[in-house]
Amino acid sequence: MPSTPPEINSPLLQKRIDELSLITEAEPPVVTRVLFSDSDLRGRQFVRNLCEEAGLAVRVDEAGNMFARWEGSAPDAPAVATGSHIDAIPNAGKFDGVVGVLGALSAIEALQESGFRPMRSIEIVVFTAEEPTRFGIGCLGSRMLAASIPLGKVRGLRDPDGLTFDELRARAGLRGALESVALPKGFYSAFIELHIEQGPLLEQENLPIGIVQAIAGPSAYRVRIKGEGGHAGAVLMPGRHDASLAAAEFALAVEKGALASGSPDTVATTGKWEIFPNAINSVPCDAVLEIDLRDTCLETRERALMLAREASVEIAARRGVTITWDEINADPPADGDPRTIEIAEDVALQIDLASRRMVSRAYHDSLFMARVCPTTMIFIPCFKGYSHRPEEYSDPAHVAQGARVLAGTLARLSHQPL
Ligand code: GLV
Ligand code: MN
Ligand code: MN
């Protein structure tokens, strides 16, 4: 076991992050890599090649989750897992997810070069569809690994073009049973994910490392509003049942419901709108909204939801429209594992990196991995907290420091007694 975590080859890690960012459906520097798109498939191949060059054994499950294994001296013992995702939402940057995948590979390579020999195997997981872009639901791969989504629901998913998950994974050559994806009990001894913070706190507090003690529970709802359309000039104002105005009032009520909780951890966003027929001279007859509601506390999240539901009943009655709700997902929050958190903190301390414990308000595959093994995350600062936009940026020194803390933590977890 190395006494201090080995140094990371930072220029090589940066070069790989840059190269992967050029595999995109958008014009660089914008990154867009939607699940099972050509760029997602090419990105997977890019990562696969690097892992194989590092001597890792790569396998892919039937959902497209990719695993790259550094075999330990106790190959039958539960392995230590790390990793993240490489899919990217439209108009994204190059660090979200990628730092956790390529940073993990750099961590393993640094350990290899230091002469470290793992006892428990160490495995990088590249999760399928952490982002909800294609199917409207996030963390699809890790949900399936943790058996946290009924497979009937997965088979019923449709992308905006009407394509199913089965049709799309077949394009990636995956045609086997999805039943095989769920991890056997005790498969991993721990999971630790390196990620940019996606918030401003570390930067503001001038801290290089955050250790995640809780991940907020996300929920999402699709709300359909049916009103009555008509000619924008001819339908008089008093007789209108304008779906888009009902939607506008409803979105404000969603905001009010979240603010009423009094907790900064209750956050609600009405980020997706479809208005039909979406024409200037037509009274909108239909609106479909998607609401993202999150909290570290289930009770306050439920209360915000209840307030939004009550408001929707009132708005529907007053405006003469119908409002119906579908739940997309409603996931509980997750706690970081105290022991794994302590190890990561101790490794940071060992190399004089100050750290703080923090909450992840974004969701991550760690939310679902926490259901199958002790889990935490290592956060690094990012410029102004920017994420999900092309300006997303993390200083190379911070990326390397995060990967180094990851390397030290993986080494210790790998030698945890059987
Ligand atoms: C993940 O990308 C999230 O929306 O939190
Ligand atoms: Mn993201
Ligand atoms: Mn991410």
Side-chain angles (χ1 to χ4, degrees), residues 17 20-21 24-26 30-35 39-40 43 47 65 82-104 124-143 191-200 202 210 212 214-221 258 265-272 290-296 301 328-334 358-370 375-383 385-394 399 402 406:
I17 292 172
L20 183 49
S21 77
T24 169
E25 287 141 52
V30 178
V31 182
T32 301
R33 262 192 311 269
V34 177
L35 171 70
S39 61
D40 181 43
V47 174
N65 295 305
T82 181
S84 195
H85 61 101
I86 65 159
D87 64 325
I89 68 160
N91 202 42
K94 62 182 174 187
F95 296 91
D96 177 6
V98 166
V99 161
V101 172
L102 296 178
I124 303 174
V125 189
V126 185
F127 295 95
T128 279
E130 191 271 347
E131 302 291 6
T133 311
R134 185 141 216 165
F135 286 112
I137 182 166
C139 299
L140 207 44
S142 50
R143 269 177 210 277
F191 177 74
I192 179 148
E193 178 173 5
L194 173 66
H195 207 282
I196 58 168
E197 183 199 340
Q198 301 180 292
L202 291 175
V212 170
I215 304 177
S219 64
Y221 300 87
D265 290 339
T266 316
V267 288
T269 309
T270 307
K272 199 165 170 198
E290 285 183 13
I291 302 165
D292 176 311
L293 173 60
R294 311 183 189 204
D295 209 320
T296 47
R301 190 181 82 190
I328 301 171
N329 62 287
D331 304 304
M358 54 200 312
V359 167
S360 172
R361 292 194 168 75
Y363 61 70
H364 300 281
D365 294 303
S366 288
L367 184 71
F368 293 94
M369 293 307 283
T375 292
T376 187
M377 301 183 69
I378 299 168
F379 275 178
I380 56 167
C382 58
F383 176 63
Y386 288 170
S387 188
H388 284 188
R389 52 190 281 189
E391 297 84 358
E392 185 177 84
Y393 176 76
S394 272
V399 177
L406 179 64

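All values derive from a computational prediction rather than experimental measurement. Computation of the quantities below employed the complete heavy-atom set of this structure, encompassing side-chain atoms and omitting hydrogens, waters and symmetry-equivalent molecules. Whatever order the structure lists them in is the order used to number ligands and atoms, beginning at 1.
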message: Using the rule given for side chain to side chain contact (heavy atoms under 4.5 Å, CB included), can you reason through Ser387 versus Ile196, listing the C-alpha separation, both sets of side-chain angles and the distance that settles it, and then say yes or no?
response: CA-CA 8 Å; Ser387 188; Ile196 58 168; 3.9 Å; yes

task: Report the C-alpha separation of Asp292 and Thr269 in whole Å, then their side-chain angles, then the decisive distance to 0.1 Å, and conclude whether the side chain to side chain donor-acceptor pair (under 3.5 Å) test is met.
output: CA-CA 5 Å; Asp292 176 311; Thr269 309; 5.0 Å; no

- prompt: At a 4.0 Å cut-off, with the gap strictly under it, does some heavy atom of His364 reach an atom of ligand 1?
  reply: no

statement: The atom name of the N, O or S atom in His388 nearest to the Mn ion (ligand 2) is NE2

- prompt: Taking both backbone and side chain into account, is any N, O or S atom of Glu130 nearer than 2.8 Å to the Mn ion (ligand 2)?
  reply: no

task: For the residue pair His388 and Asn91, confirm or rule out a side-chain donor-acceptor distance under 3.5 Å.
output: no

message: Which atom name would you report as the N, O or S atom of Glu131 nearest the Mn ion (ligand 2)?
response: OE2

task: Answer yes or no: does an N/O atom from Arg361 fall short of 3.5 Å to an N/O atom of ligand 1?
output: no

query: Between Glu130 (side chain) and His85 (backbone), is there a donor-acceptor pair under 3.5 Å?
result: no

query: Once rounded to 10 degrees, what value does the angle at the Mn ion (ligand 3) take between NE2 (His195) and NE2 (His85)?
result: 120°

Asp96: its N/O/S atom lying closest to the Mn ion (ligand 2) (atom name): OD2

- request: Measure from the side-chain N and O atoms of Arg134 to the backbone N and O of Leu35, and report whether any donor-acceptor pair falls under 3.5 Å.
  value: yes

message: Any atom of ligand 1 sitting under 4.0 Å from a heavy atom of His388?
response: yes

query: What atoms of ligand 1 come closer than 4.0 angstrom to any heavy atom of Ala362?
result: 5 (O)

- request: Would you kindly specify which portion of Arg294 sits under 4.0 Å from ligand 1, judged on non-hydrogen atoms: side chain, backbone, both or neither?
  value: side chain

Ile215 to Tyr363 - nearest heavy-atom pair and separation: CG2-CA, 4.2 Å

query: Is it true that a side-chain atom of Glu131 and a backbone atom of Ile89 form a donor plus acceptor pair closer than 3.5 Å?
result: no

message: I need the nearest protein heavy-atom contact for atom 2 (O) of ligand 1: residue, atom name and distance, please.
response: Glu131 OE1, 3.0 Å

Any donor-acceptor pair under 3.5 Å from Thr82 side chain to Ile192 backbone: yes

